[in-house]
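Only one structure is covered here, and it is reproduced in the block below.
When a ligand or atom number is given, it counts from 1 through the structure's own listing order. None of the values given here were measured: they were computed from a predicted structure.
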Amino acid sequence: MQEVTADSACAAQLRGSLTDELVATGTIVSKKVEAAFRMVPRHLFAPGATLEQSYAQDTVRTKRDEHGTTISAVSAPQIQAMMLEQTQLEAGMRVLEIGSGGYNAALIAELVSEGGEVTTVDIDPDVVDRARDCLAAAGYNKVNVVLADAEGGVPEHAPYDRIIVTVGAWDIPPAWSGQLAEGGRMIVPLRMRGLTRSVTFERDGDHLVSRDYRLCGFVPMQGIGSHNERVVSLDGNRVSLRIDGEQPADADRLRDALLGPRVERWSGVEGGPTEPFDDLDLWVATVVDDFGLLTATKEAIDSGLVSKSTRVGAKTMVAGGSFAYRASARPVDAERTRFEFGAYAHGPDAVRLAEDYVDLIQAWDRDHCGSPGARIEVYSSAASDAELPPGRVINKRHTRVVISWPGQRQYPNRKP
Ligand SMILES: C[S@@+](CC[C@H](N)C(=O)[O-])C[C@H]1O[C@@H](n2cnc3c(N)ncnc32)[C@H](O)[C@@H]1O
């Protein structure tokens with residue numbers, strides 16, 4: 001039993017407040033996840049962070065690469081709680097966590113109790129050493145901490161009732177599906193056309209099918225499963241189009257287009273400041289053939305060249321030498337309680353593209369907003385077109401991902 005010092009009393013108080021907040025915002029919904037968050041001392045897994053930083057709603061960055069990019073972190077508690085709720089852990093389960101740190105593995109160990117088994121794997125020896133030390137210091141000695149590239153899963157402890165991936169994945173390697181027990185669930189932050197959603201998958205015959213998905217962000221996968229987007233530079237390093245697939249992009253014509261005049265169109269579709277509209281983006285990414293994310297530096301945004309929406313990657317449709325992207329929603333009242341969606345476009349076809357984008361926003365509002373959302377299915381890369389259901393097909397290294405919107409008007413997948 002740990003001695004109650006001023007520090008641990010303070011940590012317990014901060015942990016209680018963090019958990020209260022996660023319950024109040026509806027991120028934690030089950031008593032089990034709440035109890036785990038009240039129990040595990042998060043600060044013991046965040047070396048170098050102050051107590052306050054450990055229990056803030058933020059990611060604690062634990063390792064950066066030579067360019068200063070974060071490659072390992074104790075994920076934000078909101079993301080961890082959300083994914084643990086998606087995972088639906090029960091006592092006695094066998095669980096594989098991909099991407100270690102220790103804290104999340106300790107939460108999982110609490111949730112599966114004594115009879116369960118937790119294995120966590122990381123590609124980075126520093127992370128593995130730290131996770132081992134932190135788990136031991138916090139008293140979680142039974143977690144298997146494995147150093148490996150998770151592309152091959154961890155066969156020595158398989159099969160798993162749950163596989164929870166805590167690093168951004170572009171694909172689902174066969175080992176993960178192969179090591180999932182019958183009736184198991186896999187939670188994967190999967191990147192599809194540049195957009196990442198934490199997807200809960202279950203097996204359905206020869207393929208995986210989504211049960212739900214949530215918006216999330218993660219550090220990218222390293223090793224065999226790493227996959228870079230194509231970066232088309234449109235204005236030095238200031239503005240770029242990131243393309244996550246084989247879609248064509250004529251860099252010279254798009255560069256000229258950006259420097260030409262801008263067309264603006266507004267849709268009349270409004271949302272409140274806290275209403276989620278990430279399904280609008282996923283839907284646009286599904287129905288548009290040539291899709292990418294427009295990103296820009298603060299300087300390019302401040303100069304007025306591009307919208308603020310490029311800060312997080314503006315969802316962009318490309319057609320030849322023209323492109324249109326979703327602008328930052330504009331306030332429609334002085335109190336800034338309602339915002340209207342619209343599009344900016346550049347290039348010779350700017351007027352048509354801006355109007356097409358606004359049509360899409362209106363179609364989403366009419367046919368999809370508030371619907372159950374997308375169905376995401378994962379087939380082997382060996383599956384033929386005829387074996388796939390209708391929808392947007394995204395070809396990966398090992399799999400063919402199909403996104404469809406059940407119960408809604410289907411948009412043809414013109415270019416599989
Ligand atoms: C966000 S951190 C994991 C956070 C952790 N689950 C926690 O408790 O907060 C992502 C981790 O994935 C690891 N990773 C990246 N690529 C990997 C791969 N191919 N196989 C195993 N681990 C990988 C990184 O080294 C990094 O430590």
Checklist entry - Side chains of Glu52 and His43: donor-acceptor distance under 3.5 Å anywhere? => result no
Next on the checklist: Side chains of Ser210 and Glu377 only: does a donor on one sit below 3.5 Å from an acceptor on the other?
Outcome noted: no
Checklist entry - So which heavy atom on Leu18 is nearest to which on Tyr55, and how close? => result CD1-O, 3.8 Å
Item to check | Shortest protein heavy-atom distance from atom 11 (C) of ligand 1, along with the residue and atom involved | outcome: Asp122 OD2, 3.4 Å
Checklist outcome for this item: Under 4.0 Å from one or more heavy atoms of Met221, ligand 1 contributes atoms 16 (N), 17 (C), 18 (C), 19 (N)
Item to check | Pair Gln80-Arg42, side-chain donor/acceptor within less than 3.5 Å | outcome: yes
Next on the checklist: Check contact between Ser75 and ligand 1, using heavy atoms of the residue and a distance below 4.0 angstrom.
Outcome noted: yes
Item to check | Protein heavy-atom partner closest to atom 2 (S) of ligand 1 - residue, atom, separation in Å | outcome: Ala73 O, 3.4 Å
Next on the checklist: Looking only at protein heavy atoms, which one is nearest to atom 16 (N) of ligand 1, and what is the separation?
Outcome noted: Gln222 N, 2.9 Å
Item to check | atom 9 (O) of ligand 1 [closest protein heavy-atom partner, distance rounded to 0.1 Å] | outcome: Gln80 NE2, 3.0 Å
Checklist outcome for this item: Quick look: Thr120 vs ligand 1, heavy-atom contacts under 4.0 Å, and the answer is neither
Checklist entry - Is atom CD of Glu246 surrounded by more than 12 heavy atoms (other residues, nucleotides or ligands) closer than 6.0 Å? => result no
Checklist entry - Can you check whether Asn104 reaches Ser75 side chain to side chain, under 4.5 Å on heavy atoms? => result no
Next on the checklist: Quick one, Glu264 with Trp266, criterion side-chain hydrogen bond (donor to acceptor under 3.5 Å, both in side chains). Give me CA distance, side-chain angles, the key distance, then yes/no.
Outcome noted: CA-CA 7 Å; Glu264 255 181 65; Trp266 295 92; 3.0 Å; yes
Checklist entry - Does Ala150 reach ligand 1 with a nitrogen or oxygen that is under 3.5 Å from one of the ligand's nitrogen or oxygen atoms? => result yes
Checklist entry - Does atom CZ of Arg397 have more than 12 heavy-atom neighbours, drawn from other residues, nucleotides or ligands, at distances under 6.0 Å? => result yes
Item to check | Under 4.0 Å to a heavy atom of Tyr103 - the qualifying atoms of ligand 1, by number | outcome: 8 (O)
Item to check | Within-cut-off N or O pair, Ile98 and ligand 1, under 3.5 Å | outcome: no
Checklist outcome for this item: Note: Ser226, heavy atoms under 4.0 Å from ligand 1, region reported as neither
Item to check | Residue Val127 vicinity, atoms of ligand 1 by number, heavy atom under 4.0 Å | outcome: 27 (O)
Checklist entry - Does ligand 1 have any atom sitting under 4.0 Å from a heavy atom of Ala148? => result yes
Checklist entry - Counting from 1, what ligand 1 atoms have a heavy atom of Asn104 closer than 4.0 Å? => result 6 (N), 7 (C), 8 (O)
Next on the checklist: Please check whether Asp124 reaches ligand 1 - meaning an N/O of the residue sits under 3.5 Å from an N/O of the ligand, judged on distance alone.
Outcome noted: no
Checklist entry - Just wondering, do Val239 and Thr295 contact through their side chains at under 4.5 Å, heavy atoms? => result no
Item to check | Atoms of ligand 1, numbered as shown, that sit under 4.0 Å from any heavy atom of Ser100 | outcome: 3 (C), 4 (C), 5 (C), 27 (O)
Next on the checklist: Within ligand 1, which atoms have a heavy atom of Glu97 less than 4.0 Å away?
Outcome noted: 6 (N)
Next on the checklist: Is it the case that the side chains of Trp170 and Asp244 hold a donor-acceptor pair, with the cut-off being a distance below 3.5 Å and no angle test?
Outcome noted: yes
Checklist entry - Below 3.5 angstrom, do we get any N/O pair linking Glu151 and ligand 1? => result no
Item to check | Parallel, tilted or perpendicular, as decided by the 30° and 60° cut-offs, for the rings of Trp405 and His368 | outcome: perpendicular
Checklist entry - What's the shortest distance from atom 21 (C) of ligand 1 to any protein heavy atom, and which residue and atom give it? => result Ile123 N, 3.3 Å
Checklist entry - Should the heavy atoms of other residues, nucleotides or ligands under 6.0 Å from CD of Glu202 be counted, would the total exceed 12? => result yes
Checklist outcome for this item: Nearest non-hydrogen protein atom to atom 1 (C) of ligand 1, with distance, is Thr166 O, 3.4 Å
